[in-house]
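What follows is one structure encoded as structure tokens, with my remarks underneath.
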Number of protein chains: 2
Amino acid sequence: MKIGELAKRTGFSAHTLRYYERIGLLAYADRDRSGQRDYDASVLTWIEFLGRLKATGMPIREMLRYAALRERGADTEAQRRELLAQHRDRVRARIAELSDCLLVLDNKIAGYAGTETRMKEYDTAPPERRQKPAGARRAYAC
Amino acid sequence: MKIGELAKRTGFSAHTLRYYERIGLLAYADRDRSGQRDYDASVLTWIEFLGRLKATGMPIREMLRYAALRERGADTEAQRRELLAQHRDRVRARIAELSDCLLVLDNKIAGYAGTETRMKEYDTAPPERRQKPAGARRAYAC
DNA sequence: CTAAGGGTTCGAGCGCGCTCTAAGTCAAGG
DNA sequence: CCTTGACTTAGAGCGCGCTCGAACCCTTAG
């Protein structure tokens with residue numbers, strides 16, 4: 001497989017794949033007689049996993065540490081497991097943080113929606129029902 | 001409140017707060033007779049909300065759009081709500097992505113743990129019980 | 001009076017992760 | 001034979017979000 005196809009398959013650009021090789025995140029790829037990289041399909045698994053690490057915000061520095069352990073073979077498994085476990089904890093924390101922020105956002109949005117609803121109700125409701133609806137209790141500040 | 005205290009209270013550095021003012025994310029702050037910024041406590045709410053937007057990965061560009069709408073007053077509420085709703089959807093998608101990756105990580109980690117378990121079992125189990133345990137079915141590739 | 005410890009401005013610099021340019025090589029199709 | 005287009009390299013450049021340095025100004029405590 002040449003770099004263009006690998007790019008297509010992984011979603012990384014050829015530029016990025018070469019960059020990853022340069023910095024050591026991908027092993028030096030075999031070249032054909034004309035010097036072009038010729039990838040083995042097995043690299044797909046690794047690149048896809050790198051994609052996961054990247055998607056979860058692992059810095060390249062740390063991917064490099066993981067890649068280096070991997071290259072050193074089976075007796076680094078405990079260290080790799082440890083590294084991933086730490087990362088997993090960070091991901092969990094991140095999810096929790098985002099979920100927390102999501103509540104704030106929902107609240108704020110509900111506040112805006114509440115304003116519209118109140119305005120509509122104020123316009124359309126008969127005078128005796130013109131009172132603060134339940135949604136009006138928060139989120140005016142911003 | 002001077003910038004140092006605001007920094008302490010919000011978790012943003014004084015440098016960052018000045019930077020935010022420079023780019024228009026924070027309104028120009030009143031200065032005292034000696035030219036030092038003197039903040040009103042009300043700015044805290046806004047800065048904390050900015051912190052939420054930042055924590056959820058909103059780019060500064062977009063915070064600026066939101067801030068600009070806010071400055072323009074109450075008749076931009078629908079647009080602000082729309083902007084936040086879009087952002088909220090991205091946050092939800094991001095949480096989903098992270099959760100998905102989390103499963104992959106858990107799996108991989110379980111694979112490493114499985115290796116250790118298997119090695120232990122292989123070392124300690126009597127020969128007739130030396131067979132693949134349940135945890136051995138995946139995640140060797142990396 | 002002096003020194004410490006805040007604050008001010010402007011602009012340069014940095015760390016990250018790419019992303020692109022330039023100049024060149026090579027293989028296949030018309 | 002010639003063009004097209006994908007590939008090669010080394011290295012420069014970029015967008016983001018700060019972060020810091022230099023040189024200076026105020027206020028306050030000892």
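Keep in mind that this is a model prediction, so the values were computed, not measured. First the proteins, then the strands, lettered A, B, ... as listed; each starts at 1. Every heavy atom of this structure was used, including side-chain atoms; hydrogens, water molecules and symmetry mates were not.
With axes fitted over five pairs at each extremity, the angle between the ends of the helix from C:dC1-D:dG30 to C:dG30-D:dC1 is 10° (10° resolution).
For B:Y66 and B:R80, the side-chain atoms include no donor-acceptor pair closer than 3.5 Å.
A:T76 contributes no side-chain N or O that, together with a main-chain N or O of A:Q79, makes up a donor-acceptor pair within less than 3.5 Å. When atom types are taken as modelled, the side chain of A:D38 and the backbone of A:R31 share no donor-acceptor pair closer than 3.5 angstrom. Distance alone, capped at 3.5 Å, places no donor-acceptor pair between the A:T16 side chain and the A:F12 backbone.
Using a 4.5 Å heavy-atom threshold, the side chains of B:R18 and B:R37 count as touching.
Rounded to the nearest 0.5 Å, atoms CG (A:L102) and CZ (B:R94) are 13.5 Å apart. With rounding to the nearest 0.5 Å, the separation of CG in B:L17 from CG in B:L6 is 5.0 Å.
The CZ-C1' distance, from B:R22 to C:dC10, rounds to 8 Å in whole Å. When the C1' atom of C:dG7 is taken as reference, atom NZ of B:K8 falls 13 Å away, rounded to whole Å. Rounded to an integer number of Å, the gap from CZ of A:R18 to P of C:dT19 is 13 Å. The interatomic distance linking B:I23 (CD1) with C:dC10 (P) rounds to 15 Å, in whole Å.
Heavy-atom distances to DNA chain D give each of B:H15 and B:P59 a nearest nucleotide, and the one nearer the 5′ end belongs to B:P59. With the nearest nucleotide of DNA chain C identified for both B:E5 and A:G57, B:E5 has the one nearer the 5' end.
Note on B:E62 versus B:R90: salt bridge recorded, some NZ/NE/NH1/NH2 to OD/OE distance being below 4.0 Å. The pair A:R9-A:E5 counts as a salt bridge, with a side-chain nitrogen and a carboxylate oxygen less than 4.0 angstrom apart. Between A:D106 and B:R88 a salt bridge is recorded (basic side-chain N to carboxylate O distance below 4.0 Å).
For DNA chain D, the contact window with chain A, defined by any atom under 4.0 Å from a protein heavy atom, covers D:dC7 to D:dG11 in 5' to 3' order.
Using a 4.0 Å heavy-atom distance criterion, A:F12 is classed as making no nucleic acid contact.
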What string of B, S and - do you get for nucleotides 23-30 of chain C, 5' to 3', if B is base contact, S is sugar-phosphate-only contact and - is no contact with any protein heavy atom under 4.0 Å? ---SS---
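Counting non-hydrogen atoms of neighbouring residues, nucleotides and ligands closer than 6.0 angstrom, the CG atom of A:D32 exceeds 12 such neighbours.
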